[in-house]
2 protein chains.
Amino acid sequence: MVRTKSKDTLPDVELRLSTAQESARRSQGAASEVYKRLRRAIVEGEIRPNEPLIEADLAQALQVSRTPIRESLQRLAADQLITPRKRGWAVREYSLEEIRERSEVRAALEGYAARLAATRATDAEIAAIVAIQDERDRTADLTPAYRVEANRRFHDAIIAAARNTRLADDIFRVGQFYFNKHIAKLTTDEERRLNQQDHREIINAIQARDGRRAEDAMRSHIMQTFTVFQRISGN
Amino acid sequence: MVRTKSKDTLPDVELRLSTAQESARRSQGAASEVYKRLRRAIVEGEIRPNEPLIEADLAQALQVSRTPIRESLQRLAADQLITPRKRGWAVREYSLEEIRERSEVRAALEGYAARLAATRATDAEIAAIVAIQDERDRTADLTPAYRVEANRRFHDAIIAAARNTRLADDIFRVGQFYFNKHIAKLTTDEERRLNQQDHREIINAIQARDGRRAEDAMRSHIMQTFTVFQRISGN
DNA sequence: GCATGCAAGTTCGCATGCAAAGTACGGACA
DNA sequence: TGTCCGTACTTTGCATGCGAACTTGCATGC
């Protein structure tokens, strides 16, 4: 009997992968495609937390055998996106406490990246960062999706300027769960204003080549983002 | 034809795994055992960098089929211990540049851990950290293995006091390649003296509950360790 | 002597079979 | 009615088969 849940309509949208993850895998083949799809489905919330992942069902839905499914589940577990059950795997649920921990890790890593960027960025890279933020401020179309994208580009530009691919990969790993469009929809005007102000402070510090100030600004920006989470989940 | 390299004599010593990694996997079964053995063989240098890993050979050597071997290779790739070739996998080689990048990541993470420890550690935890270092200073038997162990315990105690399991896991991930007994053998007396001095400075800052100073001290300690690497590989 | 192309051998990616471990359900008994 | 237990079913872990992709090495021509 064929089981059809929502799984057989998984979207096949392209996923951004960190460079190391991309290069650490054969980037083509059935297993890789399965991995991208499952990852997308989990990150987007299509597969609910604690929902068990049945190998045979996924194989059926994605029209491959269980072997590439199993390989993908291994990768997802390494990404901490799924967690082992006595039997099989389930989508991982993140407690507020865990999000706090991850926020601290991100503050440590991305703060350090901002510090490095302040000393290592070329003038062109700084100009690019400023341009991204300027465009964000100029844009009228502030849909959640656009805000997520603009935010991501801002952070990515700083991380790139830090010139440390391992650091960039680890930031991607820990940060991949945050600020998606679902969250973006729930922010208040005041929070957005604070957010933009934070970005400007980071930019100012980098322009001044002040590593310590850039690091502090990035850290408090990230921990500020956590308080938004806290508000949203705490209501 | 059966190929017998050194692989069929892989040691089956217990491996310390980070909590998340341990819990992220079924901890029993053939695949898990294979993973531990291969990991050990790579970290210990039994399998040389760039040496290709042939699924069938490993299966033969470890007396399992290719399936658990393939699963283990996936995990090792996630750990960044092996890297994909056009065909198959090979043990990863670390350039000095990559070690520098990893050192920076470790400085960011473990520095932050030291900062958190300075504010969060209980008096008992601080006493434990001090006790570890006192014992190290008192011990006459300074074999490389002992020094590695004492160093690890010192760092672990601080990380534990930071009370952030995710941070601890990420530090383990990035730091697992450093300061093993091969490296410990190559350090100079002066480097060891500096090392112990660094540890004392970190302790002092934590005792003073000075997060910023603890963070700075830990960072410079870790980057100092990198310069030792540089010296060793640069000769 | 060197390059080029072809063929044989190697190794992998994926599919599938099977046994064992786990799970749920229904019936019997308190 | 509630609990305990056995049985049938589900789902996994591991083994293995097969076709395809890549590599290697030799032969042939320039």
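Proteins come first, then strands; the chains are lettered A, B, ... in the order of their sequence lines, and each starts at number 1.
Looking at A:Glu215 and B:Arg219, a side-chain N of the basic residue comes within less than 4.0 Å of a carboxylate O on the acidic one, giving a salt bridge.
For A:Gln60 and D:dT11, the CD to P distance is 13 Å, given to the nearest whole Å. In this structure, A:Asp57 places its CG atom 18 Å from P of D:dC9, rounding to the nearest Å. Separating the CG atom of B:Leu73 from the P atom of C:dG13 is a distance of 9 Å, rounded to the nearest angstrom. Atom CD1 of A:Ile69 and atom P of C:dG13 are 16 Å apart (whole Å). Taking atom CG of residue B:Leu58 and atom P of nucleotide C:dT11, one finds them 11 Å apart after rounding to whole Å. Regarding A:Ile54, its CD1 atom lies at a distance of 11 Å from the C1' atom of C:dT23, rounded to whole Å. To the nearest angstrom, C1' of D:dT10 lies 17 Å from CZ of A:Arg85. Put simply, CD on B:Glu33 is 16 Å from P on D:dG13, counting in whole angstrom units.
Stem list for DNA chain D (at least 3 consecutive Watson-Crick or G-U pairs, distances under 3.5 Å): C:1-30 with D:1-30.
Distance from the side chain of A:Arg87 is smallest to C:dG22 among C:dC14, D:dA21, C:dG22. Counting only heavy atoms from C-beta on, B:Lys86 has its side chain closest to D:dT23 among C:dC12, C:dA15, D:dT23. Of the listed nucleotides (D:dC18, D:dC14, D:dT12), D:dC18 has the atom at the smallest distance from the side chain of B:Arg66. Taking only side-chain atoms of B:Pro68, from C-beta outward, the nucleotide of C:dA15, D:dC14, C:dC12 with the closest atom is D:dC14.
The two atoms that bring B:Pro144 and B:Lys185 nearest to each other are CG-CG, 4.0 Å, heavy atoms only. Here the closest heavy-atom approach between residue A:Ala113 and residue A:Ile171 is recorded as CB-CD1, 4.0 Å.
In this structure, the side chains of B:Leu81 and B:Val91 stay at 4.5 Å or more apart for every pair of heavy atoms.
Ring geometry, B:His199 versus B:His221: the interplanar angle exceeds 60°, so the pair is classed perpendicular (tilted spans 30 to 60°).
Regarding contacts with the backbone of C:dA15, a side-chain N or O of A:Ser65 is found under 4.0 angstrom from either OP1 or OP2. Of the side-chain N and O atoms in B:Arg70, one or more sit less than 4.0 angstrom from OP1 or OP2 of C:dG13.
A:Arg147 and A:Thr187 share a side-chain donor-acceptor pair at under 3.5 Å.
The one candidate from A:Gln80, A:Glu101, A:Glu97 that meets the side-chain hydrogen bond (donor to acceptor under 3.5 Å, both in side chains) condition with B:Arg166 is A:Gln80.
Nearer to the 5' terminus of DNA chain C, by closest-nucleotide assignment, is the contact made by B:Glu55 (compared with the other of B:Glu55 and B:Thr67).
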